[in-house]
**Student:** 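Before I ask anything, let me first share the structure, which is written out below as structure tokens.
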Amino acid sequence: MNQSAAKLMVVIEQAAVSGGYLIVQTDPGNSVQFQDRLYQTDSDGYLAIGIGRELAGQHELAVTDDIGQTESLDLWIDSRSFNIQRVSGLPKELVTPPKSFTDRIVREAQAVKRARAAGNELLFWREEQFIWPAQGRISGVYGSQRYYNDIPGSPHWGVDIASPTGSPVSAPAGGIVVLAEADLYFSGGTLVLDHGGGLSSSFLHLSKLLVEVGQVVAQGQMLAEIGASGRATGPHLDWRMNLHGERIDAVLWVDTPFPEGQLLR
């Protein structure tokens, strides 16, 4: 555990890289500012902050107490290189969804955004060490991006775990189910699990959902089955994490390495 200290604040854990995170402890009620955004801690003074894919270099983390005293801490965030691929000659309909689906896509994106912003007062995010939600072959990684006919696609925000349809998907940590949809346009069968502290996990392309909205689940509990629903080329789990609206790399929350020989080569 990497620790840095200021009088009012301690960074108790960090993956200080693009797509990473910081976990801060200060007095309850203090406000923390990072990247021109103000955050509030939980009732015990803990706060997790997401680091975006494009963020790197030196940045200031500041804390202000209830009498207006402010202190700051300079943090260095390491940059990462992401795999960029270019695919040419694709038919237009495979690059851009038909306009007839626009309303559906927007509506579904808004529903997912609302679910991730639920903000339940749960402590799973800082009381449990995250585990892998599935086993298989790592077939895709966070931050990679494709250009289709020279048009940039969205970066890939998750880690893909390829495994046969019907393979189990389990909770990487405890949480409450805030979204359970069987057929979204892009992601097919989709679950969002709120771990508390502004941190959520999303599970995409599922073939079967085994939990429902409002259900509290324990770490390791089976949530769903892997599939190839939505816009997927084969059965796999796409596991994503979102922290206070920032898309971060789920792999950085897991201490246990993936089984040898299973990593993407």
Side-chain angles (χ1 to χ4, degrees), residues 1-82 109-110 112-130 142-143 154-155 157-158 173 175-176 178 192-202 240-255:
M1 187 172 291
N2 191 345
Q3 295 194 1
S4 304
K7 289 181 181 179
L8 295 178
M9 172 179 56
V10 178
V11 178
I12 62 172
E13 185 175 337
Q14 60 179 294
V17 297
S18 304
Y21 65 91
L22 309 168
I23 298 179
V24 172
Q25 184 180 20
T26 184
D27 290 334
N30 288 354
S31 62
V32 178
Q33 182 171 343
F34 183 69
Q35 284 287 287
D36 297 323
R37 179 174 175 179
L38 280 176
Y39 297 85
Q40 297 298 319
T41 70
D42 65 16
S43 58
D44 295 320
Y46 288 90
L47 167 68
I49 298 173
I51 300 172
R53 176 182 181 268
E54 307 301 328
L55 194 64
Q58 186 165 298
H59 296 272
E60 183 181 76
L61 181 68
V63 59
T64 302
D65 64 15
D66 56 0
I67 62 171
Q69 180 181 355
T70 298
E71 289 185 355
S72 63
L73 185 66
D74 289 330
L75 293 170
W76 180 263
I77 298 171
D78 290 332
S79 62
R80 295 168 66 183
S81 296
F82 300 108
Q110 290 173 341
V112 172
K113 185 177 181 179
R114 285 194 301 270
R116 288 172 172 163
N120 292 282
E121 290 292 329
L122 304 171
L123 301 180
F124 298 110
W125 72 276
R126 63 178 173 88
E127 290 187 343
E128 296 182 344
Q129 175 58 57
F130 281 66
Y142 172 92
S154 296
W157 298 117
I176 185 170
V178 290
V192 178
L193 185 63
D194 183 0
H195 304 291
L199 181 68
S200 65
S201 286
S202 298
R240 304 182 177 194
M241 293 187 78
N242 190 281
L243 180 54
H244 291 298
E246 199 71 68
R247 299 175 186 266
I248 61 173
D249 190 352
V251 172
L252 298 176
W253 284 79
V254 184
D255 272 353

**Student:** With sequence neighbours left out, write down each residue that passes side chain to side chain contact (heavy atoms under 4.5 Å, CB included) with Asp36, or none if nothing qualifies.
**Tutor:**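 For Asp36 the side chain to side chain contact (heavy atoms under 4.5 Å, CB included) partners, ignoring immediate neighbours, are Gln33.
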
**Student:** Taking side chain to side chain contact (heavy atoms under 4.5 Å, CB included) as the definition, give me every residue that meets it alongside Val178, ordered by chain and number, with sequence neighbours left out.
**Tutor:**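 Once residues adjacent in sequence are excluded, the partners of Val178 under the side chain to side chain contact (heavy atoms under 4.5 Å, CB included) criterion are Ala115, Ala118, Asn120, Ile176, Val192, Asp194.
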
**Student:** Please name all residues satisfying salt bridge (charged side-chain N to carboxylate O under 4.0 Å, His left out) with Arg37, sequence neighbours left out, ordered by chain then number.
**Tutor:**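 Arg37 satisfies salt bridge (charged side-chain N to carboxylate O under 4.0 Å, His left out) with no other residue.
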
**Student:** Report yes if some heavy atom in the side chain of Ile49 is under 4.5 Å from a heavy atom in the side chain of His244; otherwise report no.
**Tutor:**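 No; the side chains remain at least 4.5 Å from each other.
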
**Student:** Among all residues two or more places apart in sequence or in another chain, which pass the side-chain hydrogen bond (donor to acceptor under 3.5 Å, both in side chains) test with Thr41?
**Tutor:**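 Thr41: no side-chain hydrogen bond (donor to acceptor under 3.5 Å, both in side chains) contacts found.
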
**Student:** Looking only at heavy atoms, which two atoms of Phe82 and Tyr142 are closest? And how far apart?
**Tutor:**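 For Phe82 and Tyr142, the tightest heavy-atom pair comes out as CD2-O, 3.6 Å.
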
**Student:** Any chance you could measure Ile77, atom CD1, to Gln14, atom CD, to the nearest 0.5 Å?
**Tutor:**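 That separation rounds to 9.0 Å.
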
**Student:** Compare every heavy atom of Ser79 with every heavy atom of Ala56, then report the nearest pair and how far apart it is.
**Tutor:**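 Nearest heavy atoms, Ala56 then Ser79: CB-CB, 3.7 Å.
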
**Student:** Considering residues at least two apart in sequence or located in another chain, which fulfil the side-chain hydrogen bond (donor to acceptor under 3.5 Å, both in side chains) criterion with Ser31?
**Tutor:**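 Expected list: none.
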
**Student:** Should Leu122 and His195 count as side-chain neighbours, where that means a heavy-atom distance under 4.5 Å?
**Tutor:**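 A side-chain contact is absent here, since even the closest heavy-atom pair is not under 4.5 Å.
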
**Student:** Taking the side chain as C-beta and beyond, is there a heavy-atom pair between Gln58 and Leu75 under 4.5 Å?
**Tutor:**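 Not in contact.
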
**Student:** I'd like to check the side chain to side chain contact (heavy atoms under 4.5 Å, CB included) partners of Gln110; sequence neighbours left out, ordered by chain and number.
**Tutor:**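 Testing Gln110 for side chain to side chain contact (heavy atoms under 4.5 Å, CB included), a comparison that skips the adjacent residues, returns Val106, Arg114.
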
**Student:** Shortest non-hydrogen contact from Phe130 to Phe124?
**Tutor:**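 Heavy-atom minimum between the residues: CE1-O, 4.5 Å.
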
**Student:** Any salt bridge (Lys or Arg N to Asp or Glu O under 4.0 Å) pairs touching residues 245-254, not counting sequence neighbours?
**Tutor:**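 Sorted result for residues 245-254: Arg80-Asp249.
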
**Student:** By side-chain hydrogen bond (donor to acceptor under 3.5 Å, both in side chains), which residues pair with Ser200, not counting sequence neighbours?
**Tutor:**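 Counting only residues at least two positions away or on another chain, Ser200 forms no side-chain hydrogen bond (donor to acceptor under 3.5 Å, both in side chains).
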
**Student:** How would you list all residue pairs meeting ring-ring contact (aromatic ring centres under 6.0 Å, His included) that involve residues 49-80, not counting sequence neighbours?
**Tutor:**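 Of all non-adjacent pairs touching residues 49-80, none passes ring-ring contact (aromatic ring centres under 6.0 Å, His included).
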
**Student:** List the atom of Met241, the atom of Ser201, and the distance in Å for their closest heavy-atom pair.
**Tutor:**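 So the minimum-distance heavy-atom pair works out to CG-OG, 3.9 Å.
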
**Student:** Please set out all donor-acceptor pairs under 3.5 angstrom arising from side-chain atoms of residues 16-26, sequence neighbours excluded.
**Tutor:**
| residue | atom | partner | partner atom | Å |
| --- | --- | --- | --- | --- |
| Ser18 | OG | Leu55 | O | 2.7 |
| Ser18 | OG | Asp78 | O | 3.4 |
| Tyr21 | OH | Glu13 | OE2 | 2.7 |
| Gln25 | NE2 | Tyr46 | OH | 3.1 |
| Thr26 | OG1 | Leu8 | O | 2.5 |
| Thr26 | OG1 | Asn30 | ND2 | 2.8 |

**Student:** Answer whether the closest heavy-atom distance between the side chains of Trp253 and Leu199 falls below 4.5 Å.
**Tutor:**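 Yes, at least one pair of side-chain atoms sits under 4.5 Å.
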
**Student:** Could you name each residue pair satisfying salt bridge (Lys or Arg N to Asp or Glu O under 4.0 Å) that touches residues 42-57, not counting sequence neighbours?
**Tutor:**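 Applying salt bridge (Lys or Arg N to Asp or Glu O under 4.0 Å) to every pair that reaches into residues 42-57, excluding sequence neighbours, yields Asp42-Arg126, Asp44-Arg126.
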
**Student:** Between Ile51 and Ile248, is any pair of side-chain heavy atoms under 4.5 Å apart?
**Tutor:**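 SC-SC contact between Ile51 and Ile248 ruled out.
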
**Student:** Under the criterion side-chain contact (heavy atoms from CB on, under 4.5 Å), I'd like the reasoning laid out for Leu73 against Val11: C-alpha separation, chi angles, the key distance, then a yes or no.
**Tutor:** CA-CA 9 Å; Leu73 185 66; Val11 178; 3.6 Å; yes

